[in-house]
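Worksheet for the structure shown next.
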Number of protein chains: 2
Amino acid sequence: MLNERSLSVAPDCGDCPIRHRAVCARCESDELERLEQIKYYRKFEAGQSIIWAGDRMDFVGSVVSGIATLSQAMEDGRTQMVGLLLPSDFVGRPGRNTAAYDVVATTDVVMCCFRRSPFEDLMTRTPHIAQRLLEMTLDELDAAREWMLVLGRKTAREKIASLLSIIARRDATLNKRGAAAGPIVFDLPLTREAMADYLGLTLETVSRQISALKKDGVIHLEGKRHVTVPDMSRLMDEAGDDADGGLLV
Amino acid sequence: MLNERSLSVAPDCGDCPIRHRAVCARCESDELERLEQIKYYRKFEAGQSIIWAGDRMDFVGSVVSGIATLSQAMEDGRTQMVGLLLPSDFVGRPGRNTAAYDVVATTDVVMCCFRRSPFEDLMTRTPHIAQRLLEMTLDELDAAREWMLVLGRKTAREKIASLLSIIARRDATLNKRGAAAGPIVFDLPLTREAMADYLGLTLETVSRQISALKKDGVIHLEGKRHVTVPDMSRLMDEAGDDADGGLLV
DNA sequence: GCCTTATGTTGATCTGCGTCAAAGCCCGGC
DNA sequence: GCCGGGCTTTGACGCAGATCAACATAAGGC
């Protein structure tokens, strides 16, 4: 699985990804020490809600393993996913005490958490934590904006191709494969319904477009979830992305 | 106009909004001094491009007056707006030297700028600048996510109502009007085409839906741009927002 | 005044995707 | 083994919004 792997890519800082990936990019020992003292782990099962929108949010943290989704719903039930959380992604917002979105574990999830107020204290005392968080937030903002183009202007087929590209790319970087020229293989971490919520489509349309891409030889499917992309550039072409595309999360 | 007004709401820090709004929320004198020494102003005319996507970006800054748009285009011309920049909004990304989006002045715009590298130096020396920037970026991220729900799940009519609510609300806060119970009046700062690019629609659909909202008495129009909202809660209802809605930029 | 250009409105028609419905596949429980 | 429930696929049909097109309005420039 892609999840465990990400832990081992930079083990120099120990086993908690927030130490080297999310917060402590430079790994100075003082902050590590202090972070270490206030951190704790939480586990969630696939399908379980991690946070409900509107809930009191008394912790921040990062995903250690597994996949979670961030989403927003209207009263009548229409739902839009607004974030996809993969290992090393940060959850929660310093300075806000109620959650703005629903967070749901898609697979089993382990999170590395910090109670909010000690974390905030630490942040004010440790400048580069805020800087690192700023960097990460700017990346997320770029991803959200890329996603807005997908939602607002792409056709269903392009949306599916875009999503597949994103997953393939994130999977590749998590697994530290370079931009391999050969076929790319991965498992879809989302149900058709979750993909629909991601892309602003219905699950039927998602299913139909995946079938169409398969029929046209853009992808191959084994079972419902295992995908092979024989030619990545062809897929990116279908996505309507210019050349090597954006940096969507 | 809404623009000039925003300058005078917090004059205690002088005439540059970046000092009190964008960067120096707490107005400590040292940083003010240093910021003062490296800042400069730039003016742009309505319709003029401020930045082209892919350009070298050698400054960061904030909007002093006027309105600008952030947008993204596909090769075939399809365009999606991904940000609306109003006075006090920050532009540019510390740590990145090429622009990711097109920035266009919608009205005449004045920006308060800082060359990027001195600004970055200053940021590393002045912790709370990074913290303030983080706060602003998180707000933008929330806005982008709210917007994703609009793009992905709302009908054309709801999209228009959402946009009108957002503009009404921002206009109200910029002008320091409280949540007045009476009718709300404002000018649309965007053409029909720009609204379409914002909402992922065509300009014809925008025009039709505005006409429909007018026919149904949700809004009144004088000329093409001057809008009166007799009952704000009615408009928000049309937007599909729950109660007092989100905090879209 | 008239001509041009940018902007907005409205109508007629087409189509991509949503909606409703039925059925297939796979896994876990009994 | 059989049954039930979650997930997925596929079909038939309708509609919201795109597309194509004509025209209206307003602002400059001369």
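Sequence lines set the chain letters: A, B, ... in the order given, protein chains first and strands last, and positions in each chain run from 1. Side-chain atoms are counted along with the backbone in the values below, which use heavy atoms only and exclude waters and symmetry mates.
For A:Ser207 and D:dT9, the shortest distance from a side-chain N or O to OP1 or OP2 is below 4.0 Å. Side-chain nitrogen and oxygen atoms of A:Arg208 include none within less than 4.0 Å of the OP1 or OP2 phosphate oxygen of D:dT10.
When the P atom of D:dA12 is taken as reference, atom CD of A:Glu204 falls 15 Å away, rounded to whole Å. Atom CD1 in A:Ile210 sits about 14 Å away from atom C1' in D:dT10, given to the nearest Å. For the pair A:Leu201 CG and D:dA16 C1', the computed distance is 15 Å after rounding to whole Å. For the pair B:Asp76 CG and D:dT19 P, the interatomic distance rounds to 10 Å; values are reported in whole Å.
For the pair B:Arg153 and B:Leu190, both in contact range of DNA chain C, the more 5′-proximal nearest nucleotide belongs to B:Leu190.
Residue contacts for A:Thr202: at a heavy-atom cut-off of 4.0 Å it reaches a base atom on one of the strands shown. Among the protein residues, B:Gly200 comes within range of the sugar-phosphate backbone only, with heavy atoms under 4.0 Å from sugar or phosphate atoms but none that close to a base.
Running 5' to 3' along DNA chain C, contacts with non-hydrogen atoms of chain B at under 4.0 Å begin and end at C:dG8 to C:dA12.
Taking 4.0 Å as the cut-off between side-chain N and carboxylate O, A:Asp241 and A:Lys154 count as a salt-bridged pair. No salt bridge links A:Asp187 with A:Lys224; every basic N to acidic carboxylate O contact stays at or beyond 4.0 Å. At a threshold of 4.0 Å, the pair A:Arg208-A:Glu204 does not count as salt-bridged, since none of the basic side-chain nitrogens sits closer than that to a carboxylate oxygen. Between B:Arg192 and B:Asp197 there is no salt bridge, since no side-chain N of the basic residue sits under 4.0 Å from a carboxylate O of the acidic one. Classification of A:Glu158 and B:Arg78 as a salt-bridged pair holds, one side-chain N sitting under 4.0 Å from a carboxylate O. Of the charged side-chain nitrogens involved, none lies within less than 4.0 Å of a carboxylate oxygen, so that B:Glu238 and B:Lys159 do not count as a salt-bridged pair. Using a cut-off of 4.0 Å between Lys/Arg side-chain N and Asp/Glu carboxylate O, A:Arg93 and B:Asp139 are scored as salt-bridged.
Applying a 4.0 Å cut-off to non-hydrogen atoms, the residues of residues 220-229 of chain A that approach DNA chain D are A:Lys224, A:Arg225, listed by residue number.
Both the sub-6.0 Å distance and the 45° axial angle are not jointly satisfied by B:Arg169 relative to the ring of B:Phe186.
When every heavy atom of B:Ala99 is checked against every heavy atom of B:Ile51, the shortest pair comes out as CB-CG2, 3.3 Å.
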